[in-house]
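Please read all numbers here as calculations on a predicted model, not as lab measurements. Just so you know, residue 1 is the first one in the sequence shown, and it goes up from there.
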Amino acid sequence: MSGETEPPQLPAPGTLLVDSRDRVGEFRGEWCGLWSLRPVAGGTEWTVNPEDVQPADPQQRLRAETARANARSRGEVL
């Protein structure tokens, strides 16, 4: 099995990740080899290849958590 790489380990649900388009989302789960992410402030989930995401850095996490707090204060559905 040379040349094959291990698939990335699944993050814990709720882990903030950034995809290749700089979208920050919470990890929701895995389905057929793809990872499902959901916008932090609510919205429609999207799927990504595990190789195309990385953990959110502190600035990205702060921005996402601020967006969530603002959405919650406006009474938007999360």
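Residue pairs meeting the ring pair (Phe, Tyr, Trp, His ring centres under 6.0 Å) criterion with at least one partner in residues 55-76, sequence neighbours excluded, do not occur; the list is empty. Residue pairs meeting the side chain to side chain donor-acceptor pair (under 3.5 Å) criterion with at least one member in residues 53-62: none, sequence neighbours excluded.
Across all their heavy atoms, Ala41 and Ala67 have their closest contact at CB-O, 3.8 Å.
For Glu26, the side-chain hydrogen bond (donor to acceptor under 3.5 Å, both in side chains) criterion is met by Arg68, not counting sequence neighbours. Every residue two or more places apart in sequence or in another chain that forms a side-chain hydrogen bond (donor to acceptor under 3.5 Å, both in side chains) with Arg23 is listed here: Asp19. Residues satisfying the side-chain hydrogen bond (donor to acceptor under 3.5 Å, both in side chains) test with Ser36, not counting sequence neighbours, are Glu45. Scanning for side-chain contact (heavy atoms from CB on, under 4.5 Å) contacts around Thr66 gives Leu62, Asn70, with sequence neighbours left out. For Ala64, the side-chain contact (heavy atoms from CB on, under 4.5 Å) partners at least two apart in sequence or on another chain are Leu16, Val24, Val40. Under the side-chain hydrogen bond (donor to acceptor under 3.5 Å, both in side chains) criterion, Arg21 pairs with no residue at all, not counting sequence neighbours.
In the hydrophobic clustering (ILVMFWY side chains linked at under 4.5 Å, chained through shared members), Phe27 is joined by Leu10, Leu17, Trp35, Leu37, Trp46, Val48, Val53.
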